[in-house]
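To start, the structure itself, in structure tokens.
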Amino acid sequence: MSTPHVVVVMGVAGTGKTTIGPLLATELGVPYAEGDDFHPAANIAKMSAGTPLDDSDRWPWLDAIGQWAHGRAGLGGVVSSSALKRVYRDRLRAEAPGAVFLHLTGDRALIEERMAERKGHFMPTALLDSQFATLQPLQEDEAGVSVDVSGTPEEITQRAVAALRRLEN
């Protein structure tokens, strides 16, 4: 990518945001920030107990991610955030208007399988249904691209880089 954008890697739990985000950041030569690190302890405790977050839980988290993205405006960066609803992405864009979204998508069975294989993550597979129920895919008027998560992390990253480059042209 020629312009240093902030890329928000989004999608339901288990799509590989934490795996693809750092790989993408390395490929683009920009820093990576893990969206989960912006959650307050109360959010992590809630999700660990199998309770989905509500919007009042998400606003401070999204604002913190947006502030990080704002600080990277013109410099570039990659940050992960589920950003499942349009209103969440709008909130991020309010802080970082130039942000673009990389929506990692995939077959539910594949995503559930990958989630089940994760070790030590606070998000249980039981919350996957609520994630899919909440998901509002990118709309045509939103700056971003969707990339399928089948294949290796390296293949997914290369598809993401190519899609983001096409977005700029």
Side-chain angles (χ1 to χ4, degrees), residues 1 3-25 27-28 30-40 42-44 46-47 51-108 111 115 122-123 127-149 156-157 159-169:
M1 292 176 59
T3 308
H5 290 288
V6 172
V7 178
V8 179
V9 181
M10 63 167 283
V12 299
T15 53
K17 297 180 295 290
T18 299
T19 300
I20 302 306
L23 292 172
L24 180 63
E27 191 72 25
L28 299 177
V30 297
Y32 171 73
E34 171 55 52
D36 287 342
D37 293 344
F38 293 91
H39 274 298
N43 283 9
I44 292 175
K46 195 171 184 178
M47 290 182 284
T51 304
L53 299 180
D54 60 31
D55 286 351
S56 66
D57 299 318
R58 287 187 182 97
W59 298 137
W61 173 64
L62 290 166
D63 290 343
I65 292 171
Q67 290 163 8
W68 182 88
H70 177 80
R72 297 298 312 162
L75 302 171
V78 175
V79 62
S80 59
S81 170
S82 52
L84 297 177
K85 288 184 181 180
R86 169 72 186 246
V87 67
Y88 304 157
R89 297 187 298 271
D90 289 345
R91 186 131 178 168
L92 291 169
R93 275 190 293 271
E95 287 285 336
V100 297
F101 291 84
L102 169 63
H103 182 188
L104 298 178
T105 64
D107 176 72
R108 189 194 185 292
I111 293 168
M115 281 185 78
F122 61 83
M123 177 68 88
L127 290 182
L128 190 56
D129 286 336
S130 72
Q131 293 258 302
F132 273 105
T134 301
L135 177 63
Q136 296 172 344
L138 288 173
Q139 302 300 300
E140 286 185 24
D141 64 331
E142 293 184 89
V145 295
S146 294
V147 172
D148 184 79
V149 296
I156 298 163
T157 302
R159 284 197 301 270
V161 168
L164 289 164
R165 285 196 174 121
R166 284 191 301 274
L167 184 65
E168 283 202 341
N169 296 330

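In this text, all values refer to a predicted model and were calculated from it rather than measured experimentally.
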> Given Val100 and Leu167, is the side-chain contact (heavy atoms from CB on, under 4.5 Å) satisfied, shown in steps?
Replying inline: CA-CA 9 Å; Val100 297; Leu167 184 65; 4.1 Å; yes
> Should Phe132 and Ile111 be marked as a side-chain contact (heavy atoms from CB on, under 4.5 Å) after you check the CA-CA gap, both sets of side-chain angles, and the distance that decides it?
Replying inline: CA-CA 11 Å; Phe132 273 105; Ile111 293 168; 3.9 Å; yes
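For the pair Thr18 and Glu34, the tightest heavy-atom approach, listed with the atom from each and the gap, is OG1-OE1, 2.8 Å. Heavy atoms only, all atoms of each residue included: Ala83 and Leu92 are closest at CB-CD1, 4.2 Å. Taking every heavy atom of both residues into account, Trp68 and Gly77 meet most closely at CH2-CA, 4.0 Å. Taking every heavy atom of both residues into account, Ala96 and Gly66 meet most closely at CB-O, 4.2 Å. Considering all non-hydrogen atoms of both residues, Lys17 and Val12 come closest at NZ-O, 3.0 Å. Scanning both residues, Asp36 and Ile44, for their nearest heavy atoms gives O-CD1, 4.3 Å.
Not less than 6.0 angstrom separates the ring centroid of Tyr88 from the ring centroid of Trp61.
To the nearest 0.5 Å, atoms CD (Glu27) and CD1 (Ile20) are separated by 11.5 Å. For the atom pair Leu53 CG and Asn43 CG, the distance stands at 4.5 Å (nearest 0.5 Å). Note that CD1 of Ile156 and CG of Asp148 are 7.5 Å apart. Values are rounded to the nearest 0.5 Å. Atoms NE2 and NZ, from His39 and Lys46 in turn, are 11.5 Å apart once rounded to the nearest 0.5 Å.
The closest side-chain heavy-atom distance from Asp129 to Arg108 is below 4.5 Å. In this structure, Met10 and Leu138 have side chains that are in contact, with non-hydrogen atoms separated by less than 4.5 Å. Side chains of Phe38 and Val79 form a contact here, defined as non-hydrogen atoms less than 4.5 Å apart. In this structure the side chain of Ser146 never reaches within 4.5 angstrom of the side chain of Phe101, judged on heavy atoms.
Sorted by first then second residue, the salt bridge (charged side-chain N to carboxylate O under 4.0 Å, His left out) pairs that include residues 60-73, not counting sequence neighbours, are Asp63-Arg91. Judged as a salt bridge (charged side-chain N to carboxylate O under 4.0 Å, His left out), the pairs with a partner in residues 93-102 (not counting sequence neighbours) are, in order, Asp90-Arg93, Arg93-Glu142.
A donor-acceptor pair is defined here as one N or O able to donate and one able to accept, closer than 3.5 Å; no such pair exists between the side chain of Lys85 and the backbone of Pro137. No side-chain donor-acceptor contact under 3.5 Å links Ser80 to the backbone of Gly21. Arg86 places no side-chain N or O within 3.5 Å of a backbone atom of Gln139 that could act as its donor or acceptor partner.
The side chain to side chain contact (heavy atoms under 4.5 Å, CB included) test with Val78 singles out one residue from Leu102, Val6, Val30, and that residue is Val30.
The closest side-chain donor-acceptor pair between Ser82 and Gln131, if any, does not fall under 3.5 angstrom.
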